[in-house]
Number of protein chains: 4
Amino acid sequence: MSPTMDGTKQRRRGDTRQRILDVALELFAEQGYEKTSLREIAERLGVTKAALYYHFKTKEEILVSLFESLTRPMEELIEWGRRQPHTLETKQEIVRRYDQALAGAAPLFRFMQENQATVRELRIGETFKQRMRGLKDIIVDPDATMTDQVRCFTALLTLHAGMFLMQDLGGDLEERRKAALEVAVDLVTQAHRDAHAS
Amino acid sequence: MSPTMDGTKQRRRGDTRQRILDVALELFAEQGYEKTSLREIAERLGVTKAALYYHFKTKEEILVSLFESLTRPMEELIEWGRRQPHTLETKQEIVRRYDQALAGAAPLFRFMQENQATVRELRIGETFKQRMRGLKDIIVDPDATMTDQVRCFTALLTLHAGMFLMQDLGGDLEERRKAALEVAVDLVTQAHRDAHAS
Amino acid sequence: MSPTMDGTKQRRRGDTRQRILDVALELFAEQGYEKTSLREIAERLGVTKAALYYHFKTKEEILVSLFESLTRPMEELIEWGRRQPHTLETKQEIVRRYDQALAGAAPLFRFMQENQATVRELRIGETFKQRMRGLKDIIVDPDATMTDQVRCFTALLTLHAGMFLMQDLGGDLEERRKAALEVAVDLVTQAHRDAHAS
Amino acid sequence: MSPTMDGTKQRRRGDTRQRILDVALELFAEQGYEKTSLREIAERLGVTKAALYYHFKTKEEILVSLFESLTRPMEELIEWGRRQPHTLETKQEIVRRYDQALAGAAPLFRFMQENQATVRELRIGETFKQRMRGLKDIIVDPDATMTDQVRCFTALLTLHAGMFLMQDLGGDLEERRKAALEVAVDLVTQAHRDAHAS
DNA sequence: CATGAATGAGCGTTCATTCAT
DNA sequence: AATGAATGAACGCTCATTCAT
């Protein structure tokens with residue numbers, strides 16, 4: 001009965017923590033945070049609730065852990081953006097890279113979008129808000145008119161919507177994402193040109 | 001003991017139902033649907049939980065009632081839009097009027113936006129989805145390119161964002177709303193022109 | 001708008017009390033006492049719960065009233081039986097008449113049978129027990145062997161069973177009742193003969 | 001802190017599930033199913049309501065569990081009976097053994113008898129009905145006259161009555177049971193003889 | 001590394017009942 | 001003769017969390 005036996009069960013040794021995260025993300029995204037109980041997560045994994053508490057101190061910590069690992073790219077993007085000159089090219093590149101970051105952690109972002117009320121009261125709420133502010137500061141020119149500021153903000157929104165909300169437009173996901181990216185780049189470009197017009 | 005006596009208690013006779021709706025909307029918008037308990041609503045009103053059940057069959061019914069009464073203008077807008085020719089002017093007018101509808105029921109729309117995961121599982125979820133689809137069908141030209149379809153969809157999003165999400169842009173609410181409306185109209189216009197270019 | 005107008009509503013004037021009893025009996029028999037709520041009774045009648053309280057002091061009183069009016073024949077039967085000589089013919093006649101009494105208030109007796117646990121804690125519980133004891137004293141000879149006493153008791157049971165429990169035996173209700181009556185008479189007769197054998 | 005310490009608390013380790021069943025049966029039989037609340041059961045055990053839910057999914061499941069474990073002998077009896085020839089001796093033996101089965105789970109059977117209305121709506125209702133049908137099919141000859149079929153059915157009833165209903169006949173329980181058994185055997189015998197008379 | 005057993009707080013809901021009108 | 005509005009108590013159930021083993 002060595003623990004290294006590669007039976008279906010034993011093979012999983014040590015990655016329980018990751019499996020918890022996987023299942024939790026799936027369920028959080030599907031049903032929301034409050035409607036997903038630890039019992040449900042545990043059952044789907046074939047372990048007991050208490051096992052979850054070996055790996056995480058609270059339910060919220062599971063979410064924090066998911067958030068931190070999955071939004072690393074977004075954080076790096078902001079850091080990168082901060083060091084760039086505020087040129088049009090930078091802004092366009094930010095938009096393109098943010099689109100990538102979104103796609104890379106789609107379930108989490110979907111969750112964040114659909115559970116805003118919940119997230120607001122959680123530790124990650126403020127963190128996320130700051131990230132969005134960081135992004136905004138890069139692509140929004142503070143001297144621009146309010147209208148152009150809105151355009152830039154909307155650009156970010158469009159990317160989110162392209163991933164999660166525009167199913168009614170038909171076409172497949174990739175097509176919609178591509179179009180959304182185009183619109184987003186367009187908005188940022190337009191805002192930039194307005195601001196730097198002679 | 002005339003019913004017009006303005007005693008703190010007697011004055012309230014008969015309007016309990018409306019007071020429940022008021023308090024519920026306030027709390028739903030503030031904390032979310034699941035985190036708002038009937039106990040909380042009742043306590044804030046100075047009645048017992050059971051009293052709520054005299055006026056509404058379930059917790060969900062309170063929300064349904066709020067939804068139905070507060071989205072009437074949106075419904076009427078869609079009906080009006082359907083009867084109009086699909087001209088640019090109509091689309092612009094829809095956007096303007098939708099902005100009005102949003103402003104008139106801001107707390108509810110904020111609630112809908114921040115509790116999407118919850119709403120999706122509730123009766124009003126599907127209804128709301130259909131409404132949004134209805135709006136989309138009016139301002140989105142089905143023959144347009146995907147990019148222009150996204151532009152129209154984004155226009156609607158921008159209005160929502162103008163009300164709830166753009167606080168970081170500074171300025172006051174009215175300023176942001178005006179700018180958002182401008183961007184929205186612009187997006188719809190651009191999409192329309194693309195589609196009807198020679 | 002005279003109250004004597006024979007509109008569907010107005011015609012019922014004054015017999016609401018009886019209509020409550022009718023509906024209550026139907027529901028009590030169908031679903032049991034505890035599972036039948038006053039709300040349900042009121043709704044089915046198209047009145048409010050409070051109206052029930054105009055006619056009856058408590059839920060239990062509705063049942064008491066049903067019981068008292070529907071078991072009058074049983075009471076009279078016992079009074080009659082007490083005045084008769086304890087002959088075989090009397091006993092047989094008691095069985096026959098009890099069969100009639102049962103048939104005349106079948107829903108109530110079904111209710112009593114299926115809700116014994118509940119009835120035991122209600123006011124009518126003791127009353128009913130005394131009635132059964134009264135019946136027993138007439139058809140059971142106190143000097144008889146225990147076996148013969150059981151036979152007589154079983155005779156009564158058989159009648160109940162004939163009305164409510166023997167559906168699995170096939171045939172129609174009348175056929176089963178006739179057979180049950182025959183068996184009951186038979187049991188009483190056998191008990192009597194045993195006791196009076198030389 | 002050895003688990004064999006006979007402290008009032010420690011001794012109980014691991015048998016909570018059984019203690020729940022014991023207390024539940026006692027209360028269900030005494031007061032009925034609906035009038036017995038989980039709070040009551042928990043309090044009597046010195047645990048919280050939630051503890052019950054660790055061991056059973058629902059209140060109904062407690063009853064199902066009681067039913068299944070306590071009616072095993074009845075089930076085995078039916079299986080045995082089905083494999084026997086349909087002789088008089090078999091039928092008599094079934095009656096005797098059923099008497100034993102009843103005595104072995106008296107509180108449960110008393111509960112089933114006194115809560116028929118409730119049981120009918122529960123999962124065990126149909127199961128129990130099928131069991132009774134199974135028993136009936138063994139001791140009731142389908143070709144017999146309705147009267148003889150009723151006799152056989154009555155035989156089973158008599159056994160039930162002997163355990164629960166015949167307290168008014170005086171004597172002690174054992175005496176009544178013996179007499180009831182005698183009457184039951186007699187009824188079955190009589191039915192069999194009628195059917196197989198030349 | 002994980003389980004078994006349990007808790008305390010709370011939830012949405014239902015009920016019989018009351019009472020001023 | 002009946003309603004509208006409300007209550008207090010209870011119910012079955014679920015949850016995140018704890019802790020000895």
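Naming: A, B, ... by sequence-line order, numbering from 1 per chain.
Among residues two or more places apart in sequence or in another chain, the ring pair (Phe, Tyr, Trp, His ring centres under 6.0 Å) test is passed with D/Phe111 by D/Phe28. With sequence neighbours excluded, the residues that form a side-chain hydrogen bond (donor to acceptor under 3.5 Å, both in side chains) with D/Arg131 are D/Thr71. For D/Glu126, the salt bridge (charged side-chain N to carboxylate O under 4.0 Å, His left out) partners two or more places apart in sequence, or in a different chain, are D/Arg133. Taking the salt bridge (charged side-chain N to carboxylate O under 4.0 Å, His left out) definition, one finds that C/Glu61 meets it with C/Arg123, sequence neighbours left out. A/Glu68 meets the salt bridge (charged side-chain N to carboxylate O under 4.0 Å, His left out) test with no other residue; sequence neighbours excluded. For B/Glu121, the salt bridge (charged side-chain N to carboxylate O under 4.0 Å, His left out) partners are A/Lys35, not counting sequence neighbours.
If you measure from atom CD1 of C/Ile62 to atom P of E/dT17, you get 9 Å, rounded to the nearest angstrom. Between the C1' atom of F/dT17 and the OH atom of A/Tyr53 lies a distance of 5 Å, rounded to the nearest Å. Between B/Arg19 atom CZ and F/dA5 atom P there is a gap of 13 Å when expressed in whole angstrom units. Rounded to an integer number of Å, the gap from D/Lys57 NZ to F/dT14 P is 10 Å. The distance between atom CG of C/Leu45 and atom P of F/dA1, rounded to the nearest whole Å, is 16 Å. Protein atom CD1 of D/Ile41 is 16 Å distant from nucleotide atom P of F/dA10, rounded to whole Å. In this structure, B/Arg17 places its CZ atom 16 Å from C1' of F/dA6, rounding to the nearest Å.
With hydrogens and angles ignored, no donor-acceptor pair closer than 3.5 Å exists between the side chain of A/Lys59 and the base of F/dT17.
Mapping B/Glu40 and D/Thr48 onto DNA chain E via the closest heavy atom, the residue that lands nearer the 5' end is D/Thr48. Both D/Thr58 and C/Ala51 sit near DNA chain F, but only C/Ala51 has its closest nucleotide nearer the 5' end. Of the two residues contacting DNA chain F, namely B/Leu52 and D/Lys49, the nearest-nucleotide position lying further toward the 5' end is that of B/Leu52.
Within the structure, a side-chain polar atom (N or O) of C/Thr16 is placed less than 4.0 Å from OP1 or OP2 of F/dA2. Proximity of B/Tyr54 to the phosphate of F/dA5: a side-chain N or O atom is located under 4.0 Å from OP1 or OP2. Look at B/His55 and you won't find any side-chain N or O under 4.0 angstrom from OP1 or OP2 of F/dG4.
Shown here for A/Leu70 and A/Ala105, the closest heavy-atom pair between the two residues is O-CB, 3.7 Å.
Of the residues in residues 30-39 of chain C, those placing a heavy atom less than 4.0 Å from an atom of DNA chain E are C/Thr36, C/Ser37, C/Leu38, C/Arg39, in numerical order.
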Notebook entry, point to check: Would you write out the dot-bracket form of DNA chain E, 5' to 3', with Watson-Crick and G-U pairs under 3.5 Å, [ ] for crossing pairs, | for pairs to other strands and . for unpaired bases?
Noted result: .||||||||||||||||||||

Enumerate, atom names and distances included, each donor-acceptor pair closer than 3.5 Å involving a side-chain atom of residues 43-57 of chain D, sequence neighbours excluded.
| residue | atom | partner | partner atom | Å |
| --- | --- | --- | --- | --- |
| D/Glu43 | OE1 | D/Arg39 | NH1 | 3.4 |
| D/Arg44 | NH1 | D/Glu26 | OE2 | 3.1 |

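Put simply, the side chain of B/Thr118 never gets that close to the backbone of B/Tyr33: no donor and acceptor are under 3.5 Å apart.
Candidate nucleotides F/dA6, F/dT14, E/dA6 were compared by shortest atom distance to the side chain of D/Ala50, and F/dT14 ranks first.
The distance from the CD1 atom of D/Ile20 to the CG atom of D/Leu25 is 13.5 Å, given to the nearest 0.5 Å.
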